[in-house]
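Scope of the values below: all heavy atoms of this structure, side chains included, with no hydrogens, waters or symmetry mates.
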Amino acid sequence: MKRFILTICSILFVWNTFGQQGDNKPNIILIVADDLGFADLSLNGSKQIKTTNIDRLANGGINFTQGYVSAPVCSPSRAGFLTGRNQVHFGHDNNIGGNQPGFDAQYLGLPLSETTIATRLQQLGYSTGLIGKWHLGTAPQFHPLKRGFDEFWG
């Protein structure tokens with residue numbers, strides 16, 4: 001719930017920062033990078049890798065300096081990020097691997113009972129898109145285009 005509230009507060013902050021004129025809505029871009037540590041960005045002092053474009057985005061927009069993932073591996077972390085809920089509460093606490101004996105493959109993905117931020121943004125009139133890794137289920141019912149995204153490339 002805290003993550004959902006943080007996400008909504010962030011959206012409202014962006015919304016208020018840019019103001020509203022008629023039906024104009026601010027663009028919202030969320031960038032997720034697997035295995036990226038705090039000190040891996042030159043913005044945070046890294047001398048090893050220059051991340052000038054990310055630095056420029058952070059300096060010209062919102063930079064969350066106290067953000068933490070809710071899992072150490074990608075699939076549950078994405079599930080928590082996209083739903084705004086701690087993924088352990090809905091049983092998505094491990095990476096999705098091959099199906100195990102006795103497990104119904106129809107449930108091998110982000111539970112259909114969970115609403116994504118993309119669905120919530122669609123309800124507010126946004127067009128949504130996802131570029132990159134999904135890793136939240138490969139069966140048709142888990143596809144990003146069925147989970148609130150209008151466009152998907154990945």
Inset, instruction - Decide side chain to side chain contact (heavy atoms under 4.5 Å, CB included) for L108 and I96; before the verdict, give the C-alpha distance in whole Å, the side-chain angles of both, and the deciding distance to 0.1 Å. - result: CA-CA 7 Å; L108 198 55; I96 298 173; 3.7 Å; yes

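- In this structure a side-chain-to-backbone donor-acceptor pair under 3.5 Å is missing from N44 to A39.
- In this structure the side chain of L110 reaches within 4.5 angstrom of the side chain of F90, judged on heavy atoms.
- In this structure, NZ in K25 is found 10.5 Å from CG in L121, a value given to the nearest 0.5 Å.
- Grouping Ile, Leu, Val, Met, Phe, Trp and Tyr residues whose side-chain heavy atoms lie under 4.5 Å apart, directly or via other members, leaves I49 alone, with no other cluster members.
- Considering all non-hydrogen atoms of both residues, F142 and L136 come closest at CB-O, 3.8 Å.
- Separation of atoms CD (E151) and OG (S127) is listed at 8.5 Å; rounding is to 0.5 Å.
- In this structure, CD in Q87 is found 7.5 Å from CG in D93, a value given to the nearest 0.5 Å.
- I29 and L57 fall within a single hydrophobic cluster, where Ile, Leu, Val, Met, Phe, Trp and Tyr are joined by side-chain heavy atoms under 4.5 Å apart, directly or via other members.
- Pairing each heavy atom of C74 with each of H135, the nearest pair is SG-ND1, 2.9 Å.
- The salt bridge (charged side-chain N to carboxylate O under 4.0 Å, His left out) contacts involving residues 65-76 comprise nothing, where partners must be two or more places apart or lie in separate chains.
- The side-chain heavy atoms of F149 and I131, taken from C-beta on, include no pair separated by under 4.5 Å.
- Sorted by first and then second residue, the salt bridge (charged side-chain N to carboxylate O under 4.0 Å, His left out) pairs involving residues 36-64 (not counting sequence neighbours) form an empty list.
- Counting only distance, with no hydrogens or angles, the side chain of T83 and the backbone of T115 share no donor-acceptor pair below 3.5 Å.
- With sequence neighbours left out, the side chain to side chain donor-acceptor pair (under 3.5 Å) criterion links R147 to no other residue.
- Note that CG of L41 and CG of N63 are 8.5 Å apart. Values are rounded to the nearest 0.5 Å.
- Looking at residues two or more places apart in sequence or on another chain, you find a ring-ring contact (aromatic ring centres under 6.0 Å, His included) between F152 and H143.
- Panel note: side chain S77, backbone S70; no donor-acceptor pair is recorded below 3.5 Å.
- The salt bridge (charged side-chain N to carboxylate O under 4.0 Å, His left out) search around K146 returns none, not counting sequence neighbours.
- Under a 3.5 Å cut-off, the side chain of T51 and the backbone N or O of I54 do not form any donor-acceptor pair.
- The shortest distance between side-chain heavy atoms of T119 and T128 does not fall below 4.5 Å.
- Residue H92 holds its NE2 atom at 13.0 Å from CZ of R85, rounded to the nearest 0.5 Å.
- A pairwise comparison of heavy atoms in P76 and N95 identifies CD-OD1, 3.5 Å as the closest pair.
- Across every non-hydrogen atom of K133 and R78, the tightest pair is O-NH1, 3.4 Å.
- We find the CG-CD1 distance between L124 and I28 to be 8.0 Å, quoted to the nearest 0.5 Å.
- Under a hydrophobic-cluster definition in which Ile, Leu, Val, Met, Phe, Trp and Tyr are linked whenever side-chain heavy atoms come within less than 4.5 Å, directly or via other members, L145 and W134 are assigned to the same cluster.
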